[in-house]
Every structure is written in C-alpha cells, then in structure tokens.
Amino acid sequence: MFRTEVVAGWGQLPEGQAFGYTHGIVTDSADNVYVLHTGKPNVAVFTRSGEWIRSWSVEGIGDNAHGFYLQKEQTGEYVYMTDCGLGTVVKATLDGEVVLRLDPPDLPEVYSGEKPYKPTDVAVAPNGDIYVTDGYGQHWIHQYNAEGERIRSWGGTGRAPGQLKSPHGISVKLTDGEPELYVADRGNHRIQVFTLTGEHKQFIDNDMDMPCSFYFHGGLMLFPDLHSRVTVFDAKDDTLVAHLGEDLLAYKQPGWPNLPKAYYRANRFSSPHAVCVDSVGDVYVAEWISDGRITKLRRL
C-alpha cells in the first residue's frame, strides 16, 4: 500500500519572487528541494520542510525552462537543464555555475529552420553518457559522452518500435543486468524501453495516460501523468501500485491547465509535470500551471 498526506503550504517564495510554470523538481543529497520554473530567477531552493534558501538563474535557460535532472558524480552534485525554446542543454553546479553546454545535434537531414530542435529532458547513464530527448521538436533521442560529444541519435515521428511522438522525459533504470532507458513517449500515451545504445526493448502502456518523466526510488517508479494524477509502479515488473491525487475531470475543463483557483483542491492534481522523492520517501510534485504549483506528500 502507498499512502500519503498533503503537507499544507509547503514551499513559499519570498516577497518579490513568483513562480512561472513549474516544470521541474529535484532533491539533492541533503534533501534540499530545487524547483525549475519559467519565472525569474528560475531556480528556487528549499529545505525539505519548505523554507526558502536561495534562488538563481543560468544563462541560456529562460522563458522555456523545462527539463531538470540532478546527478551525483565523483566531483559533486550537478543539475542538468533544458530550455525547449532556445534549444539549450546545460550542466551546472547546485549554485548555478555552468560547467558544460551541449551543442545542438548536427543533423541537417533532421533539423532546419522549419524543423527546430526543442530539448525537453536529460538523463545520465552510469558511465557518464548523457541522453537528451527532443520532445517538442522532431521527436528524437540524442546520446552524448560525458564531454558533450554526440555519439548517436535515434527516433523520428511515428508509432512503430523506436519511433516517438513527444518523447517528453527520459530516465536510466538500474537493473540487475544492463541499465535500461525509459522514455515517456507522451504523445503516444506509452513508455518505451531501450538499451543504452538505442535498441528498442518493449512498450509499456498499461495504467497510464500521458507520462511526463520518471523518478526511481526504493523499488518504485513514480511518474507524473499529465492528465491529472501521479502514478506509482513497482519498478521490478512495471505494474501499478497506486494513482495519487487523481482528478478525472481536471484536464477536461475549459482553459486547462490554467483553471480558476477555486477549482484546485489540495489533495487533487490538475497537470503534474515532474516528481521527485527525498531520502525518507516524501514525494514532491510540480505542476504545469502558469503561476506554478508545488505539492509535498508526506509518506505514511
């Protein structure tokens, strides 16, 4: 059983700052929580109890700040971010110092002025390889080494194995065997699983609607279903454990995701876009809403 309760009023910004669309959320090894949004400055840092610590921005991550991933490496902890409007992907320290920028893929047969590159998410493999999803552009996945040199690309629009429609999020699933790439093939309402070299392994399309991204923790896989719920799977066999905060009507409302404030309820989601879990199992959810919405769920 997976039971939680809402922590009321968690994560308030100081006077003079305001959230834009809250697109990403991650936790570091000290259980501080980082929120990426489209306001300025666009990264806000909180303690696990919700006190604001600081805010910062990164050059090249602006009004379309989108993907957000935290990676623990030998030299420290880093966040990877994308801006799907500017076509930028950066790696930065937890204070916002950029240490790597990934060049857009040099694929003239795929990209042009009429066919832009719009990266939406990042994942990093145990060997340091970096994977970027072009979720809002031409529906490709690009693999780079740790120094930012492109290794290979695969994808393209469609429904066949290896083809994608809005590969919105990506994560590396660690298994007893070879790690696997989980891709939120959101426009096709499914997950695709690949090897680390891009070979299609399987589809997962049960008990989900519009998966956005993934977070693996304690034998579970959590993912925001944009259609108004957070879904929890058993990571071992990709079977349903729970739907959290499900609202079967929210995404069907006129004007969604920006609904009248009177509609929202603390224990129901409207448009969850990112999720993470801290060291004690509490869950944090960021929603795709114009002035932001962050929810903390305490694990019971």
When you compare the side chains of [X] and [Y], does any donor N or O come within less than 3.5 Å of an acceptor on the partner?
X      : Y      : answer
Gln17  : Ser55  : yes
Thr231 : Asp225 : yes
Thr88  : Asp83  : no
Tyr144 : Asp129 : no
Thr133 : Thr120 : yes
Glu77  : Ser29  : yes
Gln71  : Tyr78  : no
Asp31  : Ser279 : yes
Asn258 : Tyr21  : yes

In terms of side-chain geometry, is the basic nitrogen of [X] or [Y] positioned less than 4.0 Å from the acidic oxygen of its partner?
X      : Y      : result
Asp134 : Lys115 : no
Glu246 : Arg268 : no
Asp103 : Arg150 : no
Asp278 : Arg48  : yes
Asp185 : Arg190 : yes
Asp95  : Arg54  : yes

Tested for side-chain contact (heavy atoms from CB on, under 4.5 Å) against Val183, the lone hit among Ile141, Ile191, Asp121 is Ile141
Parallel, tilted or perpendicular, judged at 30° and 60°: which one describes the rings of [X] and [Y]?
X     : Y     : result
Trp10 : Phe46 : tilted
His66 : His23 : tilted
Tyr69 : Tyr80 : tilted

Phe203 meets the ring-ring contact (aromatic ring centres under 6.0 Å, His included) criterion, sequence neighbours left out, with His200
With distance as the sole test, does Thr47 use its side chain to make a donor-acceptor pair with the main-chain N or O of Asn32 at under 3.5 Å? no
Identify every side-chain donor-acceptor pair in residues 204-221 under 3.5 Å, counting partners at least two apart or on other chains, and give the distances.
residue : atom : partner : partner atom : Å
Asp209  : OD1  : His189  : ND1          : 3.0
Asp209  : OD2  : His227  : ND1          : 2.6
Tyr215  : OH   : Val277  : O            : 3.2

Q) Between Leu181 and Thr195, is any pair of side-chain heavy atoms under 4.5 Å apart? A) no
key: Validation row, ring centre His168 to ring centre Tyr136 under 6.0 Å   =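 Yes: the rings meet the under 6.0 Å criterion.
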